[in-house]
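Notes to accompany the following structure.
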Amino acid sequence: MKPNNVEIKDKTKKESGNNKEELYSKYVTEEEVKKIIDNLSPLDYEVSSPPHTGLCC
Amino acid sequence: MLNLFIKDCLKDGKRYLFNTLSKKKIEFTSDLEELTKKFFLKGQEKECIENALFLDPKKTNFEIIPTWECNLRCSHCSVLHQLVKKSAKKINCELIIRFIKNYSLAYKNTSLHVNFVGGEPLIESEKCCELINGLKSLKIHYGMTTNGIKDCDDKHVDFFLRSMDSLTISIDGTKETHNSQRKSFDEIFDPYEKTVENVKKLVEKGFRKKLTIQASLKDKDYNEENRAKFFEKFLRIGILKENLLFGCIHPTELNSKAQQSYIKMLKNAKILSQPCCKFRYMGNFLIDNTDFVYSSFFKADESTKLGRLDSDILEIQKKYKSQILESMPCLKDKNCLSCSALGYCWGNCIAGQSFFGDNPSNFCSQKELIEKINNKFSKGNFE
């Protein structure tokens with residue numbers, strides 16, 4: 001059982017602060033995340049999610 | 001007519017006629033017998049269309065609804081009307097297994113896909129496992145779409161990890177947008193946090209590369225800021241970029257940029273070599289606890305009912321054909337029926353039906369499409 005006021009952390013992860021999701025550093029680095037976010041193309045309004053549009057296949 | 005005249009596009013210097021439905025090409029000087037055999041003549045349109053529509057499918061999806069129960073009631077759910085609080089009858093795995101096995105005997109070259117959807121499929125995890133176990137003699141691609149709320153025991157998670165090829169979890173953007181659309185039905189305090197917690201567990205269990213996170217947002221929330229937050233959240237957890245889908249729900253509530261762009265996309269000339277998924281013969285089956293088989297996930301009713309799970313496959317085939325012939329918009333549109341590009345359009349995606357009704361030619365860019373087809377041919381690509 002987890003005691004009160006004690007936060008148990010996975011040693012493989014690190015906090016990035018500012019309410020950001022903690023980074024699963026064994027899968028991805030801060031730099032990789034930043035690079036992807038910075039390079040997202042302009043929002044494509046034509047892309048729609050299944051299953052609500054039929055553009056599912 | 002359904003034929004295109006091909007101009008000097010082949011290395012042999014011959015002139016050809018190409019039928020966009022049968023995808024057959026024929027020398028311009030062919031005799032009547034040859035023209036008739038390959039459906040090139042006026043008066044053969046109906047036969048030619050049916051011949052092209054009712055080929056054996058390359059791929060078939062069996063959408064299995066383990067239950068119509070769900071622990072959420074989402075504002076944008078496409079099957080909200082089907083959901084039940086408690087289901088008295090379970091799916092009959094034995095009948096479903098027999099149906100899919102019989103199908104695989106009739107269509108030996110068709111790739112088989114079983115996707116568990118719902119309702120919430122994980123409410124009936126045991127039934128999903130039973131079905132997969134019963135079908136293990138067949139080569140099948142397995143997937144599941146879930147809201148990821150329900151905790152699964154380790155036994156089921158391990159089994160799914162071994163047997164599932166993909167697992168799609170619906171998370172609609174940020175915590176705020178998700179929880180505004182996805183309301184708890186089962187005493188769940190915070191649907192978003194609960195699902196994220198389970199995503200993390202699945203990642204740690206080894207599901208990372210098989211996981212897709214899909215977001216469907218209202219147009220008012222469909223913006224780059226929310227997309228960046230959504231991407232960042234799940235990239236940090238380890239989800240692959242290509243497995244993050246961020247989309248807008250259509251039709252939109254506002255007359256927004258998203259809606260205009262969607263309509264423009266529908267009008268764009270796009271080469272589609274096969275009909276919209278709804279009209280792919282023997283290509284989609286919905287199976288639920290009624291022991292009936294339907295041809296549509298979105299509308300499981302009398303109009304899409306194909307028969308019982310133990311019906312003869314010949315009856316299912318007959319019913320499937322008649323449903324397509326009765327409901328496919330391009331077959332009701334005279335302009336489509338005489339269009340030389342029909343086999344590369346098929347009346348566009350059914351999602352556009354709310355705009356074009358039974359007249360897809362009202363949303364057509366025939367000239368551009370024919371130009372694209374000719375360009376394709378000029379490179380010698382006749383597929």
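The structure presented is a predicted model; accordingly, all values stated were derived computationally and were not measured. Per chain, numbering begins at 1; letters A, B, ... match sequence-line order.
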query: Where does B:Lys229 contact chain A at under 4.5 Å (heavy atoms): side chain, backbone, both or neither?
result: neither
- prompt: In terms of heavy-atom proximity below 4.5 Å to chain A, should B:Val117 be classed as side chain, backbone, both, or neither?
  reply: neither
message: Assess whether a salt bridge exists between B:Lys241 and A:Glu32, defined as any Lys/Arg side-chain N lying under 4.0 Å from an Asp/Glu carboxylate O.
response: no
task: Flag the pair B:Glu232 and A:Lys20 as a salt bridge only when some basic side-chain nitrogen lies within less than 4.0 angstrom of an acidic carboxylate oxygen.
output: yes
- request: Give, as side chain, backbone, both or neither, the part of A:Leu40 having an atom under 4.5 angstrom from any heavy atom of chain B.
  value: both
query: Which pairs, with at least one residue in residues 345-356 of chain B and sequence neighbours excluded, count as a salt bridge (charged side-chain N to carboxylate O under 4.0 Å, His left out)?
result: none
- line: The ring-ring contact (aromatic ring centres under 6.0 Å, His included) partners of B:Phe230 (sequence neighbours excluded) come to B:Phe234, B:Phe246
query: Are more than 12 heavy atoms from other residues, nucleotides or ligands located less than 6.0 Å from atom NZ of B:Lys205?
result: yes
message: A quick test of your reading: do over 12 heavy atoms of other residues, nucleotides or ligands sit less than 6.0 Å from CD of B:Glu176?
response: no
Compare all side-chain heavy atoms of [X] with those of [Y] and state whether any distance is below 4.5 angstrom.
X        : Y        : value
B:Lys200 : A:Tyr24  : yes
A:Tyr27  : B:Val203 : yes
B:Leu235 : A:Ile37  : yes

- request: Kindly say whether A:Glu22 contributes a backbone atom to a donor-acceptor pair with the side chain of B:Arg236 at under 3.5 angstrom?
  value: no
query: Going through the distances and angles, do B:Glu204 and A:Lys26 end up as a salt bridge (Lys or Arg N to Asp or Glu O under 4.0 Å)?
result: CA-CA 11 Å; B:Glu204 292 291 273; A:Lys26 61 182 166 182; 3.7 Å; yes
